Amino acid sequence: MATARNSHLFLHLSNRLESLAEQLTEDLGATTVDPMTPHSVVVSSADTARWLSMQIASRSGLAMGLKFPFLRGMVDELATAMLGGQRRCSPRFGRDALTWWLYDRLPEFMGDENFELVAAYLQGGTAQRRFELARRVASLFDQYQVYRPQMLRDWDGDAAAGGWQGHLWRALRKDLTSEESFADLHAAVIALDDTELELVSLPHRLSIFGLSTLPPAFLDVLHKAAVTTRVDFYVLSPTHHYWSDLVTEKQRLKSTDATSPRQGNPLANSFGKLGRDLLDQLLAHEIQQASEIFVPTCSESVLGRLQDDLLELHDRTQDESRESMAETDRSIELHSSHSALREIEVLHDRLLRLFQDDPSLQPRDVLVMAPDIESHAPYIRAVFGTPESDLTRIPYSLADQSSRTRIEVIDVFLRVLELGLSNFANSRVLDVIEHELIRHQFGLTELDLERIGRWIGDSGVIRGLDAQHRARLGLAESAEFSWAHGEATWVLGYAMNGDGRHLYADLLPYAAMEGDHLDTLDRLLTVIDFLREVAESMRLPKTRSHWGHALLRFVQRLFGTETNFAADLSILRDALSALSDSRSEEHTSELQSRFGISYAVFCLK
């Protein structure tokens, strides 16, 4: 058993990602299997897949016959194949399905003494609070299956284990007796005998590229697959030394040997835990080292010295003499800015200078990282998307964003839903109808928007759809200053050619309505009717499936069969279809309007 595993689990180490890509390219070129059989390279993100395919193409001339699956999908596929192709991880144990199950079942447990804290948290709360709790617990259960499968199996066998979470898990298992979780598949896979795997059809070779962490349960599955499948791990490591025994300064001071001298590079000690843990995991599974490519920079720059210090785990602070830094050295720079916008402006100017100083540097060679790209995205678009001239334009793309930030159709849809729950202030309505997509869908022109803005100001429309809506907002139950009042004056003004002096049915017809304004008025009334329909629908409680159908109907009304962004609309419709799927609804409890918004935002992230 060990011999088979040792011959099929291999490790490639380097301190440069380009070197790992080159090694992978060489290994792919040496593969002797059917060239028409796709080779799977597991990556951590779509951006890594894109970069890696470009690296392979630049080194070998083309990149074809490659698949870039993510780790979870690949592990599920291997587990199913090793178990005969019939046993699969049920989607009902996925985070989204678990969220709904927990939302439906949580109220049933509130009388249980184990749920005192949960009951206190939910007491007097809204459906949205219950949904948020269900989502968090579902996320925990999803992670437990991957990181603590043995704990879940222990919960299955002990009716008192796990506290209130254990009670929920056992209730879930009871409801889904015919379904299997990843914890079940993991147990079945590790129990397989190696001789059984020799009869299973698995890929000839599998590459794992650039992962910084690996759940132990996933590694167990890959280890089993390595009985017949060659599995190559291409791992980035800053040093060629063994560094798993290094400790941080805090750990050293807490230890009994706190007076011992500090060892290793402090940066590697503090920030290298994930890398050390991954190597420890791989070495514990008897992996063989296939290649080791560590390249010193041999550079006198600050960055080069830092990289070489990491390579050798050298602590320069312990040196008796200090080396000086050249005044022109700008390999590492720190910029302090007073706002996020200024940060992006400084970045843009600095990149322009770098491209000017180094003609060989290309935009594709630059990676900009931020702890929260979402908060910076509007400023990035403002600075990089609208340069002063084409000469200062820098091509860019944004990754790791939510669907709302990344896909304009989804952002517009959520804006409309949020408007439906608002007080319909004139400024907020104008913000929505002035959006390019809304204008396009309802045929509004620049001239229309100019007229509409003037009409709203002249007619005194401030907030509220009508008298009833204003009353629900806590305002006087009067149509004055509402959109209904404005609509009535505009229509009367067109029909009666009002002079601004005579009332009709206690209304003053709008005097500035001209004969050629009819098309503009028709389009404005169509938009307001649609928004009124959304607001009325959002006000009424609905069951889960009814919410799904209502949201899908809004999408159809808003975008119809638009083909310019069909792919984005497909993402939106697929996300909302899960809500309207009757198979996911076991209870018919009605959910309030803000729940519809909460769910839409949740599933579109």
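Values below: all heavy atoms of this structure, side chains included; hydrogens, waters and symmetry mates excluded. What you are looking at is a predicted structure, and each value in this text was computed from that prediction instead of being measured.
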For the backbone of [Y] and the side chain of [X], can you confirm whether one donor and one acceptor N or O come within less than 3.5 Å of each other?
X	Y	result
Arg92	Ala97	no
Ser207	Val41	no
Asn265	His314	yes
Ser299	Gly304	no
Ser14	Ile293	yes
Asp329	Val302	yes
Asp232	Leu9	no
Ser58	Gln55	yes
Asp365	Gln362	yes
Ser40	Leu206	no

Side chains of [X] and [Y] in contact at under 4.5 Å (non-hydrogen atoms):
X	Y	result
Leu576	Val555	yes
Leu219	His285	yes
Ser301	Gln307	no
Phe233	Leu222	yes

Practice task
Carefully, step by step, assess Leu102 and Leu133 under the rule side chain to side chain contact (heavy atoms under 4.5 Å, CB included).
Solution key: CA-CA 9 Å; Leu102 288 163; Leu133 177 63; over 6 Å; no
Exercise for the section: Before giving the answer on side chain to side chain donor-acceptor pair (under 3.5 Å), spell out for Asp411 and His435 the whole-Å C-alpha distance, their side-chain angles and the decisive distance to 0.1 Å. Expected result: CA-CA 11 Å; Asp411 179 52; His435 193 284; 4.7 Å; no
On a heavy-atom basis, which atom in [X] and which in [Y] lie closest, and how many Å separate them?
X	Y	value
Leu20	His12	CD2-O, 3.7 Å
Ala63	Ser53	CB-O, 3.5 Å
Ile287	Leu282	CG2-O, 3.2 Å
Ala49	Val43	CB-CG2, 3.9 Å
Leu569	Phe559	CD2-CD1, 3.6 Å
Ser237	Leu13	CB-CD2, 4.1 Å

Practice task
Let me see the working for His186 and Gln145 under side chain to side chain donor-acceptor pair (under 3.5 Å), right down to the final yes or no.
Solution key: CA-CA 9 Å; His186 173 258; Gln145 294 177 63; over 6 Å; no
Handout entry: Enclosure of Arg148 CZ (heavy-atom neighbours >12, cutoff 6.0 Å)
Key = no
Problem - Flag if over 12 foreign heavy atoms under 6.0 Å of CD, Glu333 - result: yes
First locate atom [atom1] of [X], then atom [atom2] of [Y], and finally report the distance between them rounded to the nearest 0.5 Å.
X	Y	atom1	atom2	answer
Leu572	Phe554	CG	CZ	12.5 Å
His39	Met64	NE2	CE	14.0 Å
Ser570	Phe565	OG	CZ	13.0 Å
Arg153	Ser181	CZ	OG	8.5 Å
Met54	Arg59	CE	CZ	11.5 Å

Problem - Arg230 charged N/C atom sitting above Phe10 aromatic ring, 6.0 Å / 45° - result: yes
Problem - side chain to side chain contact (heavy atoms under 4.5 Å, CB included) between Glu312 and His241, intermediate numbers included - result: CA-CA 7 Å; Glu312 299 297 338; His241 293 288; 3.1 Å; yes
Distance alone, cut at 3.5 Å: any donor-acceptor contact between the side chains of [X] and [Y]?
X	Y	answer
Ser337	Glu343	no
Asp27	Gln23	yes
Asp47	Ser45	no
Gln556	Arg553	no

Practice task
Could you go through the ring pair (Phe, Tyr, Trp, His ring centres under 6.0 Å) check for Phe182 and Phe218 one step at a time?
Solution key: CA-CA 10 Å; Phe182 179 78; Phe218 286 0; 5.4 Å; yes
Practice task
Give the intermediate values and the outcome of ring pair (Phe, Tyr, Trp, His ring centres under 6.0 Å) for residues His348 and Phe384.
Solution key: CA-CA 7 Å; His348 188 267; Phe384 282 76; 4.9 Å; yes
Practice task
Report the residues that fulfil side-chain contact (heavy atoms from CB on, under 4.5 Å) with Arg353, sequence neighbours left out, ordered by chain and then residue number.
Solution key: Arg350, Asp357
Is [X] salt-bridged to [Y], cutoff N-O under 4.0 Å?
X	Y	answer
Asp277	Lys273	yes
Arg439	Glu436	no
Arg305	Asp308	no
Arg173	Asp184	yes

Exercise for the section: Show your reasoning for whether side chain to side chain contact (heavy atoms under 4.5 Å, CB included) applies to Tyr103 and Arg135. Expected result: CA-CA 8 Å; Tyr103 180 87; Arg135 184 174 63 173; over 6 Å; no
Parallel, tilted or perpendicular: ring planes of [X] versus [Y], cut at 30 and 60 degrees:
X	Y	value
His376	Tyr379	perpendicular
Phe141	Trp169	perpendicular
Phe209	Tyr234	tilted

Practice task
Could you check Asp76 against Arg88 for side chain to side chain contact (heavy atoms under 4.5 Å, CB included), going step by step and ending with a plain yes or no?
Solution key: CA-CA 7 Å; Asp76 283 346; Arg88 299 180 183 277; over 6 Å; no
Exercise for the section: Please test Trp100 against Phe131 for ring pair (Phe, Tyr, Trp, His ring centres under 6.0 Å), starting from the C-alpha separation and ending with a verdict. Expected result: CA-CA 8 Å; Trp100 290 122; Phe131 176 74; 5.6 Å; yes
Exercise for the section: I would like to know whether Arg415 and Glu418 meet salt bridge (Lys or Arg N to Asp or Glu O under 4.0 Å); could you show each step before the answer? Expected result: CA-CA 5 Å; Arg415 284 195 197 189; Glu418 289 163 351; over 6 Å; no
